[in-house]
Colleague: 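Shown below is the structure under consideration.
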Amino acid sequence: MFSKAIVRVPCKNIMKGITSANLGSPDYHLAISQHREYVNALKKCGLDITILEADDDYPDSTFVEDTALLTPHCAIITNPGAKTRKGEIIEIKEVLSGFYSKIENIIEPGTVDAGDIMMVGSHFFIGLSKRTNIEGARQVISILNRYEMTGSIVSFKKVLHLKSGVAYLENNNLVASGEFIGKPEFQKYNILNIEEDESYATNCVCINGIVLIPKGYPKSKSTIEGAGYSTIELDVSEFRKLDGGLSCLSLRF
Ligand code: CIR
């Protein structure tokens with residue numbers, strides 16, 4: 001169960017965020033209202049929310065998920081792979097020190113975006129990507145081992161982050177699309193297959209039994225509801241324009 005989340009309000013410079021999507025520039029005001037709805041949904045899932053102020057120095061700073069891996073035993077502050085995002089960790093570390101007595105750090109030459117890390121109980125799958133390198137993944141695993149948790153490495157080719165293509169919904173259910181569906185390491189889970197034309201919906205988040213899903217993906221909604229979950233649909237069009245999605249917008253713990 002999660003009881004808390006940390007989010008950061010999108011900043012005015014959000015249109016300068018990193019993107020590979022060809023969907024145009026995000027609208028700041030729409031992003032603000034979509035973010036407000038996101039926070040309301042987290043509250044409906046029973047979470048106490050810490051809302052950090054917008055930070056114009058970091059256009060991508062609303063995607064707080066990438067800055068830390070939160071485990072039941074420690075927080076691991078990442079070293080984000082993109083140069084323009086590295087400074088995001090400074091304030092996140094301060095905020096997390098109010099919640100965690102054990103704080104660990106990923107250090108150069110290791111880089112990690114926590115969007116590449118999926119928690120399944122006390123095991124963590126770590127995707128190697130343009131943002132997370134092998135050295136960063138090894139540092140994460142060695143920290144996890146010190147706290148009696150485990151980690152393993154997953155390689156992939158097509159998406160930005162591991163959790164762009166796979167999401168664990170608890171109870172052995174795993175949402176997956178594209179190259180992740182056939183991965184040997186995921187075959188022990190009940191795979192809920194997201195079709196290629198709805199692959200963006202793979203980035204959903206299960207919070208205390210409720211699944212937040214992006215609005216506009218009806219086949220994925222019915223697949224997830226068919227597995228017994230209630231869902232909350234949220235419009236995240238402005239975050240999608242920056243390759244971001246539902247999981248990226250919060251740190252849940
Ligand atoms: C970036 O490229 O870093 C941001 N524009 C999007 C980050 C999305 N984060 C995530 O998937 N965890």
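Both ligands and their constituent atoms are indexed starting at 1 by order of listing. Values below: all heavy atoms of this structure, side chains included; hydrogens, waters and symmetry mates excluded.
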Colleague: Same hydrophobic cluster for Leu251 and Val236, using side-chain heavy-atom links shorter than 4.5 Å among ILVMFWY?
Modeller: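 Hydrophobic grouping puts Leu251 apart from Val236.
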Colleague: Are there more than 12 heavy atoms of other residues, nucleotides or ligands under 6.0 Å from atom NZ of Lys183?
Modeller: yes
Colleague: Find out if a path of hydrophobic residues (ILVMFWY) with successive side-chain heavy-atom gaps under 4.5 Å connects Tyr147 to Met119.
Modeller: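 Per the 4.5 Å side-chain linkage, Tyr147 and Met119 are co-clustered.
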Colleague: Which atoms of ligand 1 have any heavy atom of Asp243 under 4.0 Å away?
Modeller: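 In order of numbering, the contacting atoms are 8 (C).
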Colleague: More than 12 foreign heavy atoms under 6.0 Å from NZ of Lys16: is that the case here?
Modeller: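 Result for NZ/Lys16: open.
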Colleague: As an exercise, identify every atom of ligand 1 less than 4.0 angstrom from a heavy atom of Gly115.
Modeller: 12 (N)
Colleague: Taking the basic N atoms (NZ, or NE/NH1/NH2) and the acidic carboxylate oxygens, is any pair closer than 4.0 Å for Lys241 and Glu238?
Modeller: yes
Colleague: Under 4.0 Å from any heavy atom of Ile18, which atoms of ligand 1 are there?
Modeller: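 Checking each atom against Ile18, I get 2 (O), 5 (N).
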Colleague: Evaluating non-hydrogen atoms only, which member of Asp66, Val159, Asp116 is closest to atom 7 (C) of ligand 1?
Modeller: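 Residue with the shortest heavy-atom distance to the ligand atom: Asp66.
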Colleague: Any nitrogen or oxygen of His161 lying under 3.5 Å from a nitrogen or oxygen in ligand 1? Just yes or no.
Modeller: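 His161 vs ligand 1: N/O contact under 3.5 Å present.
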Colleague: Would you mind checking which non-hydrogen protein atom is closest to atom 8 (C) of ligand 1, with the distance to 0.1 Å?
Modeller: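 The closest heavy atom on the protein side is Cys248 SG, 3.5 Å.
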Colleague: Which is it for Arg131 and ligand 1 at heavy atoms under 4.0 Å: side chain, backbone, both or neither?
Modeller: side chain
Colleague: Would you check whether Thr19 has a nitrogen or oxygen atom less than 3.5 angstrom from a nitrogen or oxygen atom of ligand 1?
Modeller: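 Thr19 vs ligand 1: no N/O contact under 3.5 Å.
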Colleague: Quick check on side-chain contact (heavy atoms from CB on, under 4.5 Å): which of Asn173, Ile213, Thr223 does Tyr229 satisfy it with?
Modeller: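 Running side-chain contact (heavy atoms from CB on, under 4.5 Å) over Asn173, Ile213, Thr223 with Tyr229 returns exactly one hit, Asn173.
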Colleague: Looking only at protein heavy atoms, which one is nearest to atom 4 (C) of ligand 1, and how far off is it?
Modeller: Asp60 OD1, 3.3 Å
Colleague: Are Lys219 and Asp197 within salt-bridge range, i.e. N to O under 4.0 Å?
Modeller: yes
Colleague: At less than 4.0 angstrom from any non-hydrogen atom of Leu242, what atoms of ligand 1 do you find?
Modeller: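 Answer for ligand 1: 4 (C), 5 (N), 6 (C).
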Colleague: Would Glu65 count as being in polar contact with ligand 1, using the rule that some N or O on each side must be under 3.5 angstrom apart?
Modeller: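 It does: an N or O of Glu65 is found under 3.5 Å from an N or O of ligand 1.
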Colleague: Identify which one of Arg85, Arg131, Lys163, Arg8 satisfies the salt bridge (charged side-chain N to carboxylate O under 4.0 Å, His left out) criterion when paired with Glu65.
Modeller: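 The option that passes is Lys163.
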